[in-house]
Amino acid sequence: MRFRLRETTLQPPANLTPSTGGIVVRFAGDSGDGIQLSGMRLTMAAALGGKGVSTLPDFPAEIRAPAGTTYGVSAFQLRVGEGEVLTPGDTPDVLVAFNPASLKTNISDLDRNGLLVVDSGTFTARSLKKAGYDDNPLEADSLNGVRTLTPDITRHTIDAVKEFDLGQKGSLRCRNMWAVGLTLWLLDRDTSEAEHWIRNRFGDTPVGNANLAALKAGHAYGETTELPGLDLLQTREAPHDWAPGEYRTITGAEALAFGLAAAAERTGLDIVFCAYPITPASTLLHQLSAMRRRNVLTFQAEDEIGAACAAIGASYGGALGVTSSSGPGISLKAEALGLAVAVELPLVVVNSQRAGPSTGMPTKTEQADLLQALYGRHGEAPLVVLAPRSPSDCYTTAIEAAGIAIRHMTPVMILSDAFIASTSEPWRLPEPVISGSEAVEFRTDPEGFEPFARDPDTLARAWVKPGTPGLEHRIGGLEKSAGSGGISYDPDNHQIMNDARIAKVAQVACALPPAAAEGPEDASLCVVTWGSTFGVAREALAHCRATGTVAAHIHLRHLHPLPANLGDLLASYRRILVPEVNSGQLVRVLRDRFLVDAESLPKVTGKPFRVDELIGAIEARAKTVS
Amino acid sequence: MRFRLRETTLQPPANLTPSTGGIVVRFAGDSGDGIQLSGMRLTMAAALGGKGVSTLPDFPAEIRAPAGTTYGVSAFQLRVGEGEVLTPGDTPDVLVAFNPASLKTNISDLDRNGLLVVDSGTFTARSLKKAGYDDNPLEADSLNGVRTLTPDITRHTIDAVKEFDLGQKGSLRCRNMWAVGLTLWLLDRDTSEAEHWIRNRFGDTPVGNANLAALKAGHAYGETTELPGLDLLQTREAPHDWAPGEYRTITGAEALAFGLAAAAERTGLDIVFCAYPITPASTLLHQLSAMRRRNVLTFQAEDEIGAACAAIGASYGGALGVTSSSGPGISLKAEALGLAVAVELPLVVVNSQRAGPSTGMPTKTEQADLLQALYGRHGEAPLVVLAPRSPSDCYTTAIEAAGIAIRHMTPVMILSDAFIASTSEPWRLPEPVISGSEAVEFRTDPEGFEPFARDPDTLARAWVKPGTPGLEHRIGGLEKSAGSGGISYDPDNHQIMNDARIAKVAQVACALPPAAAEGPEDASLCVVTWGSTFGVAREALAHCRATGTVAAHIHLRHLHPLPANLGDLLASYRRILVPEVNSGQLVRVLRDRFLVDAESLPKVTGKPFRVDELIGAIEARAKTVS
Amino acid sequence: MNAPVRVARDYESGQEVRWCPGCGDYAILRAVQKTLAELDADPSNTVFVSGIGCAARLPYYLATYGFHTIHGRAPAIATGLKLANPELDVWLVTGDGDGLSIGAGHLLHLLRRNLNCQLLLFNNEAYGLTKGQYSPTSRIGTVTPSSPAGSVGDPVSACRFALGSGARFVARGIDTRIAELQATLSAAHAFPGTAFVEILQNCIVYNDGVFADFTERSVAAERQIHVVHGEPLRFGPDLNRGLILDRDAFALRAVSVGADGVPEQEVLVHDQTNRALATLLATMEGPDLPLAVGVLFAEEGPVFEVAVRDQVEERGHLPLSDLLRRTSTWKVSP
Amino acid sequence: MNAPVRVARDYESGQEVRWCPGCGDYAILRAVQKTLAELDADPSNTVFVSGIGCAARLPYYLATYGFHTIHGRAPAIATGLKLANPELDVWLVTGDGDGLSIGAGHLLHLLRRNLNCQLLLFNNEAYGLTKGQYSPTSRIGTVTPSSPAGSVGDPVSACRFALGSGARFVARGIDTRIAELQATLSAAHAFPGTAFVEILQNCIVYNDGVFADFTERSVAAERQIHVVHGEPLRFGPDLNRGLILDRDAFALRAVSVGADGVPEQEVLVHDQTNRALATLLATMEGPDLPLAVGVLFAEEGPVFEVAVRDQVEERGHLPLSDLLRRTSTWKVSP
Ligand SMILES: Cc1ncc(C[n+]2csc(CCOP(=O)(O)OP(=O)(O)O)c2C)c(N)n1
Ligand SMILES: Cc1ncc(C[n+]2csc(CCOP(=O)(O)OP(=O)(O)O)c2C)c(N)n1
Ligand code: SF4
Ligand code: SF4
Ligand SMILES: [Mg+2]
Ligand SMILES: [Mg+2]
C-alpha cells in the first residue's frame, strides 16, 4: 500500500577504472577574462574525444574585484585522462596565466616539469605593479627554469579579430578563445566542439566570427610554431572503454537538481524547494528555479529558519518539502529539523558544506558538518544522513533521499559540499524516469485511523493530506501518545516514542546494501571515506596498488544509519585510516560504534585532499601494518 | 598579567556521606492549595533540625488548570534523612492528598508499607467525578489495604480558624498549614520554624493568626489522636555530623544565579545576562532579575538568537555575556555560538535541559543535549562543556565557567537540567566573595598588539575593550590570519587557526583536577555519570556497598575537555556502566575517545533515575563481572 | 444561500480545553467556532496552524486539521503549506510573544507577500505560557518576574506594525465583544490575502484587567469605536461622539457631534482602503481617543500562492530527458 | 567650537577596499568618513557593527573598532554592546537583505527599544554578496537567478517598516547625493536613540540603474524632494513644485506652486515630529510624487540603555553575603 523504492537501481556503479595519469590544465585570469567558459570548452572537447575529465572551478571570494588584482583572480582546472578521472588533479601540468596577478597566485602550484603559458602582452608596468611584482617575472630569473611559452596573446588576438571591428574591449574578450585554441593544440584535440559551441551561442554575428577566428588562430599558432603536443607529458594509459550510452558533463549542483526533479516525477509529488541564498548552496536554488518545471516550486524564504519551516509546511500539505543551505544557514535550521523529527514528516535537507566555523571561508570546501548532522539538535532527534561521492552520484543520492524520507516519514540530510557542487565530470544519462512509477499513496481511509500508528515494516506513521475527509487530526512538537497522537506527558509513553523514533531511523539500514570493501582480499589496512573524499581515495589507492602497496577501501554513502555489516567488515582489518576534510568526525563515529582503533587523517585547509597526500599517508601506514 | 582562577577552591567536596535511608513525604493537591509552600516548611523544619533533605517540586504543565482536575495537580516531595540526602526518594512513605484528583494521580507511587493521609472532607460526589472516580476510593476497597488516615482536614481547619473571620475561601487557604502541622508531628518535628515563617510572612494579622492556629491544630491532632511518630518507618541511620558553618536550602536555579553574581563580584566585571523566556530556564532569568544588583544586568531579548547575540555583544564590550535557555532555544543559538567560537570572546551559556525532541515535554527533565553541546554547530567549533552535579554545585560551576570563559576567551556551556534547577538541598554558605579578587586585566598596551596573537599558556587571544585608545581593530566571523586577525582565505592559515581553536579548548584540561574514582580499589565495575545523575548514582552505590556489591563511581563535571587522566582511569575497570537520562550520549564519547566497551544505561521518561533502578542495574552487572 | 448545515459544536474537537478558568481565550475559541459554523466551513479543508503559547493551543480544540508548530514560525509553515496546496483554508493563530517577538520577521514577510490566510494574533500583553513575563506589547513599566522594576522600551503597536509591514487587511477585535469579533473574522475570511486580526485578550492570571480601561462594560461605549467602511466614525453611548481630522496637527481628534458639538457632516467617514487613515485609527490611544475596533484597512492585491502557481503553470514543462540534454551530449556506442 | 582636528583620511583603516569597481558603497564609505571627520569622532570610542553582505563589509575600511558579525543579527549584538558600555558611539551597517529579510525581527526591536545608535541600511534592492538574488525590497517582477520569471510579493518599504515599528528617527539618503547624506548622517548622530537611515545604493553588477528614475542627474531635481523640518515641502529645478495635502483623499499631492499653481502658503510645511506625515512622505512613489530624502521623522523618547542603567543604579546593591541570607539560615557549630 505504501511507496516502495527499488533501491538497487539507485546505487552508483561498484566498479570503476580510476585514471591515475592524464594531464592537468589550469586557466587563470581576471574574473572578466572568460576563464570558466574556456575551461568548459576544453572539458567538452576532451569528453567528446572519449577522454575522462574532472574539473575544478575556483572563483574569487569578491563579487567583482578590480581588474588585475590578485584577489580577483578566477581559475579553472581540469584533468583529462583515460578512464574515470576522479579528481581534477593535484598540480597543473599546464598553467595558462592571462595576466601577472594570475601568474603570481598560481605559479607555485605548477608541476616542476610543467609548462607555463603566459600572455606576455599583459605584462605591462602598471599591471605588474597591481599584481605586486617589483620586477617582471618573465625577465627576472624568478620562474626557476620552468618551461615557459610567452606568446603575446593580446596582440595575436587583436590581429586575428581585427576585421570584425569589435573595438579594443570587444577584441580582448576573444583572448580566451585564442588560448583555448592553443591549448587544444597542446592537448592534441581539434577545435570542432568549441566551434560548434561558438556558433550555437553567438550565431553568425561579428562576435561569433571573431571568437571563431581567435580560436583558430590560437590553434594555428601551435601548429605553425611547431609546439610539441603535450601527450609527451602523459603517463601512458590504456584507452578506456566507456559503457555505451549518451553522456554529458555535470556538476554536483546540477545533478542534485535533476535528481530532485526526477524524484518529483517518479513519486508524482510536487517538490516545494525552500531556501535562502547562501554560498555555495545557492547554485542549487538557481538550478531548480531555472528548470521551470510544473512540479518543482522554488521558494526564496526570508531566512533559513523560514525556509526549513516552509518545507515542513509543504510536506505537511502533501508535497515533498526540500530545504537547502550551507554553514550558518544549516545551524539555523536545527530547531525546525527537531520539529520535523517530532511530527514525523518527510523532509529532504541539502547541506552544501563549506569551511567553518561561523562565516568561515564561504567559497571553500569542508566536510565538517557530519557530527552536527548526526547530533546537532536538542533532545534525541535522529534523522537519516547520506552523502554523495561525486557530482553524478548527487543524482542518485537525491532520489534515494526523497525515497527514504517518504517511506520512513523522516527528515533526510544530504551532505554535499562546495567541492562536489562545483566540480564536473562526464555522466552517462540515466534511464528515463517513468512518471508516477513510484507513486506515493496517501492515507485516505478513516477506518481505524490513528495519526501515530506505525507501519510494521518501516515503523513510519501514515502520511495524510489535509483536505482528506474524515481524517482531521492535530499534530505538534509536544510529545504525543503512541498511536493516537494526543499530547502526552506520560513517562512510559515518552520512552516508547523516543525508542520508536530511534528505531524507525535505524530501520532504514535494513533496506541498505551491505558495505563492501574494494581492493585486495588480503589487505590489512583499510581506508574509509565518505562524501567527496571518495574520488581522491580511490585514485590514490589505484596508484598505491600500481606500486605494490596493499590497501582496501570502504566508502560510506549512508552515514546514519550505517550499513548493518560495517562492524564485521571493519573488524577484518588491522589498521583503519579515515581521511576527512575536517578534524576527524566519521572516525569518532566508527570508534564509538565498533570500538575499532580507526585513525583520523584530518585536513582543514578549505581544499580537498590531494592524491599525493593520500598516497603518502597510505604508504606510510601500509608499511607499518605489514 | 592575565586573570587566574584558583581552581582548587571551586571543586565540590570530594567526600560525601550519602544517606540511604530517611523518609519520603509527598504533598499533592490543587495548584491553589499551597502545596509548594507546605513542602518548603517541612523542608526547613527538617534542615533546621540537622537533618539532610532533598526536594522535588512537580508543577502541572498547565498554568492554572481548573480546580479538582487530575491535570491540575501540583505536588512536592521531600526526603528527610541523616547525612547527605542526595535524592528526593523513589517512592513516598507518606502521601498527603488534598483532594480526590491528587489521590488518583499519586496513589500508585506510594510505598506498599506507606501511610496515606487524605482530606476526607474533599471527597464529595462532585469532586470525585471531576477526578474521574466512579466510586469513592476511601469507601470502595480500592486502596489495597494501604495504611490510611482520613481526617476531615477541611472541617478541622474551618473549626480551628473560625474566630478570625476569614470566610469560607480564606479559611480553606489554611488547610495546608493544618496538614503541615500534622506532618511535622508524624516526622517528630516541632512547629517552631513554621511558626516563625508565618509570623514573618503575615505578621500579626488575621491571616497570620489563622495559619498559626491551623498549624497548631494539625500538630495537636496528631498528638491527641496519639498517632505514632513515623520514625518507626525509618531505617535507622547514625546522626550526621555536619561541617560547621551557616546553612540554607538552595535550588539549582538559585545557586546558578548566586554563582554568576559571585563571578561578577570576583572578576570586577559586569555580567550582562541575556535570555528569552522558556521553561525551565526562565527561573534563572527571574532569579537574577530579582536580585537587583548593580553589576548583573538582565536583558529579555526578542528571541534566543537575539539573546545569544546580545551576550556576545556584551562580551565584546568588556562585560561577561551570559545567555541561558532550554531545548528549542538552545538549538536556535547554534549559529551565534559558532560566531563566539570564531571571534574568541568569553561567553557563558546555561542550558537547562528539558525533555525533547522539539517542544517535547517542557516541564520534564532530560540529559539529552550533551552531544549537541559538543558537536551542534557547523564546521569545527569546539567549546568548553561543564555540568553541575547538584543544586549547590551550580554555584561553583557558574564561577568556574565564568573563569574558564575569560581565561581562555571561549564560550563555555553549562549543562544543567529541569531536575537540578528545581530540586533543593541544604547548602553551607560559601566563603565570602572578595570583590575584585580575580580582577580581569584587559589589554591596553598598543605596543606590538595583534588581535589574534595568543598567550602561550592559555592559547587565548587578548581581551580588548572598545574604547581603548590605540587598539582599534576589526573582528568578524570570516577566517582570520593567525596573529593579525585580518581576513584570510589562505589554506595553511585556516589549518593553523582551526588547530589553534581546538588546542585552546583542549588546553583547558591542563588546569583541571584529575578524574578520580570513588569506591573500593578492587572494583571491576565502574559507574560513570555526569550532571544530575550524580546523586542517584552515589546513593545507589552506597546501598550496593552496604549489601556487599562492589563497584566504583566516576563522576564527570568536565565534559569537554575531559580530564587528562580519564582514559587511564577507565582502563582499570573490566566493565563500565553509564547511566544517563538520554538514549546514550556520554557513553558514545567515552567509547570514541578511549575505546572502552562502556555500556549505556539509558532512560528517557522525562524523569530522573530512581535509586532502585540503578541498584538493580549495578547489581546485575557486578555479578557478571566478578 | 442555504442555511448553514453545521453548528458551532461541530467544530469542537472534544479535547478538554486546558486554559485557566476565566481566560479570554475561551471566548475567542467560541467566536472562531461560531464563525466556522456561519461560514459552513468544511472541517476537512480547514487547517489551523499555530506557533507556541497559550493562544497557540487553539488548534487542539477544533475539529479541523491542526498543526501546533514551533515558537514564532507558523507564518513560514503556513506559507509552505499553501504552496503545496493553495486550496486549503488556512487560519494562523499566534500571540503577542509568538507573533511580535520571536516571529516578527516571519510575520512581516507573510503580510507583504499576502498569502491567502487569516492570522489571529491574541494580544494579552504578556507571555502567558511561560508564566507572565512582559511581552513586546507590554506597556512601559509593566512589573513581571523578568522586569521587577518595570519593563523598559516602547511597546509594539500590533496594527501599526502590520500596516507598516504592508499588510493588506488589518482589523482589531476584543475577547469581550464576541458578536463584533465574529463579524470581523468573517470579513477576514472573505478577504483574498493575508487578513491580520489583532484580538485583545485578557490573561486573567498574569495581566488581569490590562484592557479594562476600555473593555469594562461601563466605559465600553465611550472608549471603543467600531469602524465600518463607508460609515461615519461615530461612537459613544448614543453615538454622540465622532472623529474628525485636525488638519493642522495632521491627527485625529474626538469631538462631540450634533447640537453641542461639530456638525454631523464634519465627522470623518471610514475609508478602509486608506492606509494613512488606518494607521491613525490603529494608533489611537486613551484617554482622549477611543480604541478602534473592526476592519481598519482592506485593500486587495496579488495573492502570493496564486502568483507563484500562475508562474509555474505558464512554464513549459520539458520532459526530464529533454532537460538533461539542454547542454552538449555525446554518445558512446556499444 | 574648535575646528575639527581629524580629516576623512584619518578614518581609513588602510585595508584594501574590495567592492566592485563603481559600486555605490564607495560613495557611502566616503560620506561616513567625512561625517566622522566633521564630528571629530574619537576612533577609539567609535564602533561599527555590521551583519553580512557587501554593505556589511564597511567596518573593515574604517580605522575605528569594528565587528563584522553574522547575518541579520547586528542589532542584537549592538544592544548587548551598549548595555555593557553605554558610552560607546555605535554605528550599525546593514543591507536590505541583512536588515529586512533575516534581520527584520531584530530591527523591529532595536527601533522600538530606541537604543542610542545610528543604523545605516544600504538598500540596493538585491542580495549583492550572494550574487544578485532579489531581496525583500526588490520590486515585483525583478528577474534574478532565483526569480527567472520575476519576483513575486510586494516589496518592503524600508522607511514605512521603520515607522510602523516605532522608530523615533527615520531618514533617507542616496549614494549619489553625498553632501545631503553627510548632513543626514550628522543629524542621525545627534539624535539620542536609534537613528534609522535608509541609503539607496546602486549595485552596479546586479541591479545597475534600479534607482535611475530619480537619481539620474537630469531628473534628480524633479524627482527628489529634500525635506527639512519647518521648511515648506518644495522641490523641482526652481523649487517650483510642492506637496499639498489632498484632504478628501487623505493623501499627498504634488502640485505646481506660484503663478500657475497653488499659492505658496498652501504648500505643506515639513513637521518631522508627525509620524503620520512621515509615513506619507516615506511611501511617496513615482511617477506623480517625488522621492522624499532627508530626515522624515524625529521624535525623542526614552533611550533604552539609559533606562536600563538607571533602573540598575536605583537598586540597592546588597553585599552578596546578605543576599544569600534573604531566606532562613541555620548554623552548625563546630
Ligand atoms: C524557541 C522557543 N523559545 C521560547 C519558548 C517558550 N515560550 C513558549 S510560549 C512563549 C511566549 C508566549 O507568549 P504569547 O505568544 O504572547 O502567548 P500567550 O501564552 O500569551 O498566549 C514562550 C517564550 C519556546 N517554546 N520556544
Ligand atoms: C545565516 C546566513 N544566511 C545567509 C547568508 C548568505 N548571505 C550573505 S550576504 C546575504 C545577503 C546580502 O544582502 P544585503 O544585506 O542586501 O547586502 P548586499 O550584499 O546587497 O550589500 C546573504 C543571504 C549568510 N552569510 N548567513
Ligand atoms: S496564563 Fe493567561 S493566557 Fe494563558 S491560559 Fe492562563 S489566563 Fe489564559
Ligand atoms: S555586488 Fe553590488 S553591492 Fe556588492 S560590491 Fe558589487 S556592486 Fe557593490
Ligand atoms: Mg501573550
Ligand atoms: Mg542588498
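Within every chain, numbering begins at 1; the chains are lettered A, B, ... in the order of the sequence lines, protein sequences first and strands thereafter.
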With side chains defined as the heavy atoms from C-beta onward, is the minimum distance between [X] and [Y] less than 4.5 Å?
X: B/Ile312; Y: D/Thr69; result: no
X: D/Ile77; Y: B/Tyr316; result: no
X: D/His106; Y: B/Ile305; result: yes

Which atoms of [X] approach chain B - backbone, side chain, both or neither, heavy atom under 4.5 Å:
X: D/Arg57; answer: side chain
X: D/Leu88; answer: side chain
X: D/Leu108; answer: neither
X: D/Pro75; answer: neither
X: D/Ser321; answer: neither
X: D/Phe304; answer: side chain

Just how far is it from atom NE2 of D/His109 to atom CG of B/Asp303, taken to the nearest 0.5 Å?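 One finds 7.5 Å between NE2 of D/His109 and CG of B/Asp303.
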Between B/Glu265 and chain D, with a heavy-atom cut-off of 4.5 Å, which part of the residue counts as in contact: side chain, backbone, both or neither?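 Answer is side chain: those atoms of B/Glu265 sit under 4.5 Å from chain D.
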B/Ala257 versus chain D, heavy atoms under 4.5 Å apart: side chain, backbone, both or neither?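 No part of it gets close to chain D.
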[X] (side chain) donor-acceptor with [Y] (main chain) under 3.5 angstrom:
X: B/Arg474; Y: D/Thr64; result: yes
X: B/Glu246; Y: D/Lys331; result: no
X: B/Arg293; Y: D/Leu318; result: yes

Residues D/Arg326 and B/Glu254 bridged, charged N to O under 4.0 Å: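 Result for this pair is no, no salt bridge flagged.
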Going by the ring pair (Phe, Tyr, Trp, His ring centres under 6.0 Å) test, name the single residue among D/Phe48, D/Tyr60, D/Tyr65 that passes it with B/His473.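 Testing B/His473 for a ring pair (Phe, Tyr, Trp, His ring centres under 6.0 Å) against D/Phe48, D/Tyr60, D/Tyr65 leaves exactly one candidate, D/Tyr65.
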What closest approach, in Å, do D/Ala76 and B/Cys309 show between heavy atoms, and which atom pair accounts for it?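 In terms of heavy atoms, the two residues are closest at CB-CB, 3.7 Å.
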